[in-house]
Structure formats: C-alpha cells, structure tokens
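Here's the structure, in structure tokens; my notes come after.
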Amino acid sequence: MTKFELIHYLLSILIWLIHFDYHFVNASSAFEQNVDTKKTFIYGPGLDKKITLPVRYFYIQPVDINNLNITRSLGDKAFDVTVTQANGNRARVWVQLLDPQDGSYIVRYRLYESYSDIIINVQYKEQNVAKSPYKLSGMVYHEKCNCPVNRIDKWFEVMGCPETYHQIDEDLSIFDNVDLEKVAAEAVSRFSNRGMHSLSHYRIINNKIYRKTYGEHVGFKMFSDSVLLSLTRKVMLPDVEFFVNLGDWPLEKKDKKDNPLPIFSWCGSDLTRDIVMPTYDITEATIEMMSRVSLDVFSVQGNTGPQWENKTSKAFWRGRDSRQERLDLVELSRERPELIDAALTHMFFFPKDPEKYGELVKTISFFEFFKIKWAESHEEEVLKIVSNARSFVRENLLPKDIYCYHAKVFNKFSKLLKYKPKLPNSSWELVEQPTDNDAKCDCKRSTKSKTKEKKDEL
C-alpha cells in the first residue's frame, strides 16, 4: 500500500468516525463558556498573504480562563469572522466557520477578486479574539488570478513545503536520464488500447501547458488539467514533460530491472512502478472547495451527521463501475441486504444489467455514512482513532500539502529528463488558463528574468 493509498484509506476512516457522537467530560468542560479571548489561539496559512490557495484557511483554538484548551463545541456560530478591504469597503469573499465538535474551529474564505490589503476580524461575543484584527498588507490574490511566483525555490519556502517526500523519493529512485521520446513511443503502444487505457501526455514549457491524449475514455484529463492550471497560476514550474494515467488503477507492472516507464498515476501498489500523485478527488476538492465541490477535507470535519445511536448497523457503499470487484460487491449486497447496502451510481465500463445489479441510484453524500459494529463496544479506541485521524489530516491532507506535493514531484522529475522538452507541433492542444473578466487580478509580481528576482514580490 502506497502512502497516498494509506492516506485515502485513513481519510475514509475519518469520514465515518468523525460522525461519532461522543459524550464525555474533560478537565476544561466546566469552564467551556468562559472563553479567554486574549489567550485563545488563531493560526494557519490563511493569515499569510504570501500563500495563495483557492480557499485560504486558519484555525481558532479557544482557551478558557484557567488557560486550558476548550475541547467541546461552543456552538456552530460561536465566533463572528469577517473579511473586508482595509479601506472599509466590502470584499467579494465567502467566509465559513466550521465546527469539528472538538472545541476547535476552522475558518475558511474564498476570494473572488484580488485586493491590496485586507482585514480579517475575529470576534467572540463582540470582543476581538487573540491578535484580531489581522491585516494582510499588499496584494492578496484570488484563485483565478494568473500571477505566478518566478522562483520555485522561493515559493517552496513561503509555502512551508517539506524538503522532500519519502513517497516521491521512492517512486523516482528507479528513473534517471529519462528519454521522453522513447517513453512516448512505448507508452502509446502499450497503454492506449481502446476501452482499456487512457493517457494524457503533457509538456510544460515557459509555464504554458500543452497536452495530447490517447485512448477512448479521456474525460478525466479535466482533473490533471485543473491542478496544472491552478499550480502554474501560482508558481513558475520548470520545463517538464510527462505522462498521466487517466484510469483508476496503476499501469506499469515491469520489474525495476526491465526499464519500467515513468507514468504518473492517482494510485499505486507494491507490484507496480507508477509515480503516485494525490488522488484526483481530493485534488479537485481542494481546487473547487467552496465552489463546485461540497465534499472536501474541511466540510467533512464540519458536518457531524446523524447521532451515533441513529446509525444503521450495515456496510454502505455507492460508486461507479470502474472495477469488477465493485460489481461483485453489488451482487453480494443483493444476496445479503441485511449486511450490505451497495449500489451503483453510474455505469461506464460494463453493460447495464438491472436484473443482476439493480437500478442505478443517486450519488449520496459522504456525510451520511455507515456504522461499524466493533465501534459500539470500543468507545475509547474510537475516540482515539478520531483524534489521530484528525491530526493526520491536518498534518498531511490540507490544501497547502496538496499543492506542495504536486510541485515537488514535477520539479524533481524535471531534473531526471535527458532532454529539455521542445515546443510541440499542431497536433498538441494548448490548455488555456480560464478567463475571469469579472474580477480584478492586477498582478504585481515580476515575470521577468531571474536577474530581477528581487522585484519578485510574494
């Protein structure tokens, strides 16, 4: 199991465990309403104007008058948070306060226009909290603003990206002096079979994205396009060329000694050589958070779902027909409905057979998930798992982490190429940045040569 498969599994655990409706008393519970607004902590990347993300976010950790962290909810509207322009004018922004029910709060906001100087004010019962109001001085850019930082090393530093990731080092360790011309010829020959495999071939040159697709079902190129477009709006990537597997399962099964192909995938295994990226669903949820996507790493934490005693004691699953194993699960569900509630939401790859698999059903929110019988008699263990899962998510799966990982893996892979990629011919498509005529961007960063890097304002 790769790191990102483990992450996806742990996130699934968090999704249902976070619904657990627990009742317990801790050292600070008797003082939970006595918030000390000066000692309360407010922290996170959403308070740093240099960090540009689709949705900025920060945390509030209430502290009581005895200097103890409050670990139970103060109510879903306990804090009042506003984001305005420094001159007092309204800003085009959507602000949300999310309550994970553990005493802490998540604040996130999405800008729909770029501004010079904004003010973030956090209040509790009309009192300013911590060091509020916070002023973000200088340009604060919104997601659609195409204004990349000129130096990727400087961007890594500002974002707080780790020096490296073990998964990236492991995945790329078997590749060196990569000849993409030879890779392309073999990859297209082996992995473009109609109805079986789909690939996107990318070249990023001068921060422009060029793409060529192979195979029948190439619609998932929208996900790889999306993250590359978003990333190149924020930082100048090195010139690089690579293939992305658009399917759900890894492709390259060659042994290390047999010159496996470097194929980027959203999944991997101990038996394959694919270069793993964060899954397309968590990446898309990061980019489209507070927009087209309602299920994301924050909304999961801020929606506690039904009470624990009202959950159903059976396994629950919904999804599309991407593997035979999913069809087998649906058949098993129809045989043992008292144990499993499994149904298909879409069918793309296998013939529809209502008698065998039942009728297609609507997609259901992860906020309505399932209960595991073991948890009923292991309350302390469940609470510990919930706490650990939340900590893991906050340390590894937040928007900043998703962007850092993508930039790190593309940057390192670019250094393994034998030749610098060339501008492609007319058979390639230029993946255009989206237009945003309704919003002001006003990029102040220098896009000139590195000799003028001192003007490269973050």
Side-chain angles (χ1 to χ4, degrees), residues 18 28 32-65 69-143 145 285-291 293-304 367 390 393-394 397-400 439:
I18 206 166
S28 68
E32 61 184 10
Q33 300 302 322
N34 297 322
V35 177
D36 189 322
T37 56
K38 296 303 180 185
K39 293 180 180 177
T40 291
F41 297 102
I42 297 181
Y43 61 97
L47 302 176
D48 187 346
K49 67 101 178 179
K50 296 178 182 178
I51 298 179
T52 301
L53 294 167
V55 170
R56 290 169 165 86
Y57 56 94
F58 58 90
Y59 300 96
I60 303 173
Q61 175 55 64
V63 175
D64 67 19
I65 58 176
N69 286 352
I70 292 173
T71 55
R72 298 189 68 181
S73 173
L74 299 172
D76 60 358
K77 298 179 180 179
F79 294 89
D80 182 40
V81 184
T82 59
V83 178
T84 60
Q85 297 187 61
N87 59 15
N89 293 338
R90 292 181 61 184
R92 293 179 59 199
V93 60
W94 180 14
V95 183
Q96 275 190 331
L97 176 70
L98 299 175
D99 179 7
Q101 301 291 319
D102 64 354
S104 69
Y105 288 82
I106 302 165
V107 178
R108 61 179 181 173
Y109 61 99
R110 188 178 188 108
L111 291 172
Y112 294 94
E113 192 166 312
S114 299
Y115 296 99
S116 177
D117 305 333
I118 65 172
I119 299 292
I120 300 174
N121 200 7
V122 182
Q123 291 191 328
Y124 177 77
K125 295 183 177 180
E126 300 184 350
Q127 295 184 22
N128 286 335
V129 179
K131 297 180 180 179
S132 177
Y134 296 87
K135 183 176 181 180
L136 277 60
S137 300
M139 288 303 299
V140 185
Y141 299 105
H142 70 296
E143 167 60 14
C145 187
T286 295
I287 298 170
E288 297 297 336
M289 186 182 294
M290 299 180 75
S291 181
V293 174
S294 59
L295 176 67
D296 58 68
V297 71
F298 291 132
S299 62
V300 166
Q301 298 180 65
N303 288 267
T304 57
F367 299 145
R390 280 182 174 143
V393 167
R394 290 190 178 185
L397 295 181
L398 299 186
K400 182 175 72 73

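Sequence positions, counted from 1, serve as the residue numbers for this chain.
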[Y] and [X], any side-chain heavy atoms less than 4.5 Å apart:
| X | Y | value |
| --- | --- | --- |
| Val393 | Leu398 | yes |
| Ile42 | Val122 | yes |
| Pro100 | Ile106 | yes |
| Thr37 | Asn128 | no |
| Phe79 | Val129 | yes |
| Val93 | Tyr115 | no |

**Report entry** Phe298: ring-ring contact (aromatic ring centres under 6.0 Å, His included) partners, not counting sequence neighbours
**Finding:**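 Applying ring-ring contact (aromatic ring centres under 6.0 Å, His included) to Phe298 gives Tyr57.
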**Report entry** Listed partners of Tyr59 passing ring-ring contact (aromatic ring centres under 6.0 Å, His included), at least two apart
**Finding:**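 In terms of ring-ring contact (aromatic ring centres under 6.0 Å, His included), with neighbours along the sequence ignored, Tyr59 is linked to Tyr43.
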Query - No-hydrogen, no-angle side-chain donor-acceptor test under 3.5 Å, Thr71 and Asn69 - result: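 No, no side-chain donor-acceptor pair sits under 3.5 Å.
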Smallest separation among heavy atoms of [X] and [Y], with atom names:
| X | Y | value |
| --- | --- | --- |
| Arg56 | Ile51 | NE-O, 3.4 Å |
| Gln301 | Val297 | NE2-O, 2.9 Å |
| Lys39 | Ile65 | NZ-O, 4.4 Å |
| Leu136 | Leu47 | CD1-O, 3.8 Å |
| Ile119 | Pro133 | CG2-CB, 3.8 Å |

Query raised in the report: Which pairs pass salt bridge (Lys or Arg N to Asp or Glu O under 4.0 Å) with one or both residues in residues 108-121, sequence neighbours excluded?
Result: Arg92-Glu113, Arg108-Asp296
Requested in this report: Sorted by first residue and then second, give each salt bridge (Lys or Arg N to Asp or Glu O under 4.0 Å) pair with at least one member in residues 126-143; sequence neighbours left out.
Outcome: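 Every pair satisfying salt bridge (Lys or Arg N to Asp or Glu O under 4.0 Å) with a residue in residues 126-143: Glu143-Arg233, Glu143-Lys234.
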Query raised in the report: With no hydrogens and no angle check, is any side-chain donor or acceptor of Gln85 less than 3.5 Å from a backbone partner on Ile118?
Result: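 No; zero donor-acceptor contacts below 3.5 Å.
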Query raised in the report: Is there a donor-acceptor pair closer than 3.5 Å between any side-chain N or O of Ser132 and the backbone N or O of Tyr134?
Result: no
Query raised in the report: Taking only residues two or more places apart in sequence or in another chain, which ones pass side-chain contact (heavy atoms from CB on, under 4.5 Å) with Thr82?
Result: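 Expected list: Asp80, Asn121.
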**Report entry** Results of side-chain contact (heavy atoms from CB on, under 4.5 Å) for Ser114 - residues two or more places apart only
**Finding:** Met139, Tyr141, His142, Cys145
Report summary line: Interatomic distance, CE@Met289 vs OG@Ser299, rounded to 0.5 Å, equals 7.5 Å
